[in-house]
Protein chains: 2
Amino acid sequence: MSAEPLPRQVGHPLSDEFRLTEVLHALSDPLRLSIVAALAESGAELSCSAFHLPVTKSTSTHHFRVLREAGIVRQRYEGTARMNSLRREDLDAVFPGLLTSVLASAGQNQ
Amino acid sequence: MSAEPLPRQVGHPLSDEFRLTEVLHALSDPLRLSIVAALAESGAELSCSAFHLPVTKSTSTHHFRVLREAGIVRQRYEGTARMNSLRREDLDAVFPGLLTSVLASAGQNQ
DNA sequence: TGGTTGGTACGATAAACAACGTACAACGAT
DNA sequence: ATCGTTGTACGTTGTTTATCGTACCAACCA
């Protein structure tokens with residue numbers, strides 16, 4: 001009589017729910033910006049633990065949630081790992097050129 | 001024996017002191033983004049009171065200071081008014097394309 | 001010499017945020 | 001079954017932030 005196993009799914013905003021100020025805020029944290037830059041450079045899915053962030057696991061969870069809720073990353077489970085990928089096409093469609101210029105600036109500036 | 005009148009000048013960061021995360025944070029507030037959009041659209045200097053912001057004077061002062069310290073606006077006194085202008089060339093030199101894409105996105109999204 | 005205008009300084013407050021620790025859940029392997 | 005791996009949930013703490021009110025200041029005008 002145990003309960004059903006949880007599906008472990010998370011909500012992602014649709015493209016037309018993106019809000020510019022929320023995206024800018026998500027990108028304005030150095031740690032989150034470094035996550036986005038690493039995802040863009042790799043071009044692939046990366047697990048949370050692949051980033052070797054200088055914070056604890058719970059803080060890491062917090063930052064990935066901010067990125068996901070802003071629509072910047074997509075997350076899905078693969079075994080115990082949570083794989084993250086950039087929603088580049090969705091972002092480019094709603095905010096053309098934004099991510100490109102932010103990433104180019106990040107490479108130079110921070 | 002009165003003291004010298006204060007010069008009423010404010011500090012502006014040099015271009016090479018711009019920090020991307022600070023700029024993104026400054027732009028991530030709806031009120032500040034609307035200020036920047038209005039400045040870009042007018043293409044001219046505007047006094048603080050020209051914006052008719054739905055906040056008090058002291059809150060308005062706060063937001064203009066955040067924008068100035070990030071390097072986004074330039075401020076100078078003209079009589080009793082403080083005139084604000086966009087530092088578009090400086091921003092474009094350090095973060096090419098960033099302001100353009102943000103403003104284009106702001107026009108669509110907010 | 002005042003009064004008006006446009007803005008700053010300072011202090012207070014409430015909300016949001018980044019960070020942590022502990023406990024726990026899902027999955028895979030042993 | 002149990003254990004290690006990977007990440008989440010929840011509560012806490014200290015900092016930052018957005019907002020306001022009050023007091024003030026500098027410039028202009030009458």
Side-chain angles (χ1 to χ4, degrees), chain A residues 2-12 19 21-36 39 45-70 72-85 110, chain B residues 2-12 19 21-36 39 45-70 72-85 110:
Chain A
S2 59
E4 292 286 309
L6 297 175
R8 278 216 298 176
Q9 286 190 354
V10 286
H12 292 80
R19 286 188 344 205
T21 52
E22 192 177 351
V23 169
L24 292 174
H25 174 252
L27 295 173
S28 73
D29 181 272
L31 203 68
R32 289 194 292 261
L33 188 53
S34 76
I35 290 171
V36 173
L39 280 174
E45 284 186 319
L46 293 176
S47 70
C48 293
S49 60
F51 293 91
H52 304 295
L53 300 175
V55 292
T56 63
K57 288 189 299 176
S58 47
T59 301
S60 182
T61 295
H62 161 69
H63 286 301
F64 278 102
R65 178 171 48 223
V66 172
L67 289 172
R68 170 171 49 81
E69 291 181 348
I72 297 174
V73 304
R74 189 182 293 108
Q75 297 187 298
R76 69 175 186 87
Y77 281 101
E78 180 157 317
T80 66
R82 185 164 226 174
M83 306 303 291
N84 301 275
S85 57
Q110 253 111 25
Chain B
S2 58
E4 292 284 309
L6 295 177
R8 279 215 301 176
Q9 287 190 354
V10 286
H12 291 80
R19 286 186 347 203
T21 51
E22 193 177 349
V23 170
L24 293 174
H25 174 251
L27 295 173
S28 74
D29 181 273
L31 203 68
R32 289 194 293 262
L33 188 55
S34 75
I35 291 171
V36 173
L39 280 174
E45 284 186 318
L46 293 176
S47 70
C48 294
S49 59
F51 293 91
H52 304 294
L53 301 174
V55 291
T56 62
K57 288 192 299 178
S58 48
T59 300
S60 181
T61 296
H62 160 69
H63 285 301
F64 279 101
R65 178 170 51 227
V66 172
L67 289 172
R68 170 171 48 80
E69 292 181 348
I72 296 174
V73 305
R74 188 183 293 107
Q75 296 186 298
R76 69 178 185 87
Y77 281 101
E78 180 157 318
T80 66
R82 185 165 226 175
M83 306 303 291
N84 301 275
S85 56
Q110 251 111 25

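A, B, ... follow the sequence lines: proteins, then strands. Residue 1 opens every chain. For the numbers below, each heavy atom of this structure counts, side chains included, while hydrogens, waters and symmetry mates do not. Values in this document were obtained by computation on a predicted structure and should not be read as measured data.
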Heavy-atom check, side chain of B:R32 versus side chain of B:H62, under 4.5 Å: yes
Ordered by number, residues from residues 51-60 of chain B within less than 4.0 Å of DNA chain D (heavy atoms) are B:V55, B:T56, B:S58, B:T59
To the nearest angstrom, the CZ-C1' distance between B:R76 and D:dA26 comes to 16 Å
Rounded to whole Å, CZ of B:F64 lies from C1' of D:dA18 at a distance of 15 Å
Checklist entry - Any side-chain heavy atom of A:R19 within less than 4.5 Å of one from A:H25? => result no
B:M83 atom CE is separated from C:dG7 atom C1', nearest whole Å, by 13 Å
Less than 4.5 Å apart, side chain to side chain, heavy atoms only: is that true for A:H63 and A:D29?
yes
When rounded to whole Å, the CZ to C1' distance for the pair A:R65 and C:dA16 reads 13 Å
From CD of A:Q75 across to C1' of D:dT6 the rounded distance in Å is 13 Å
### Query
OP1 or OP2 of D:dG7 sitting under 4.0 Å from any side-chain N/O of A:S49?
yes
- Query: Quick one: are A:R74 and A:M83 in side-chain contact, heavy atoms under 4.5 Å?
  - Reply: no
| task | Would you please say whether a donor-acceptor pair under 3.5 Å links the side chains of B:T61 and B:S58? | result | no
Here the distance between atom C1' of C:dA19 and atom NE2 of A:H62, to the nearest Å, is 8 Å
Ranking A:E78 and A:R32 by the position along DNA chain C of their nearest nucleotide, the one closer to 5' is A:R32
In whole angstroms, the gap separating P of C:dG7 from CG of B:L67 amounts to 15 Å
Item to complete: Compare all side-chain heavy atoms of B:R76 with those of B:H12 and state whether any distance is below 4.5 angstrom.
Response: no
Donor-acceptor contacts, no H, no angles, side chain residues 46-53 of chain A, under 3.5 Å, sequence neighbours left out:
| from | atom 1 | to | atom 2 | distance (Å) |
| --- | --- | --- | --- | --- |
| A:S47 | OG | A:S49 | OG | 3.2 |
| A:S47 | OG | A:A50 | N | 3.4 |

Between A:T80 and A:L31, whichever has its closest DNA chain C nucleotide further toward 5' is A:L31
For this session: Report yes if a side-chain nitrogen or oxygen of A:H63 is closer than 4.0 Å to either non-bridging phosphate oxygen (OP1 or OP2) of C:dA19; otherwise report no.
Result: yes
Would you tabulate the pairs of protein nitrogen or oxygen atoms and nucleotide nitrogen or oxygen atoms of nucleotides 11-16 of chain D closer than 3.5 angstrom?
none

Are the side chains of A:V10 and A:R68 in touch, meaning some heavy atoms are under 4.5 Å apart?
yes
Min side-chain heavy-atom separation A:L31-A:P54 under 4.5 Å: yes
Whole-Å distance, B:N84 CG to C:dG6 P, equals 14 Å
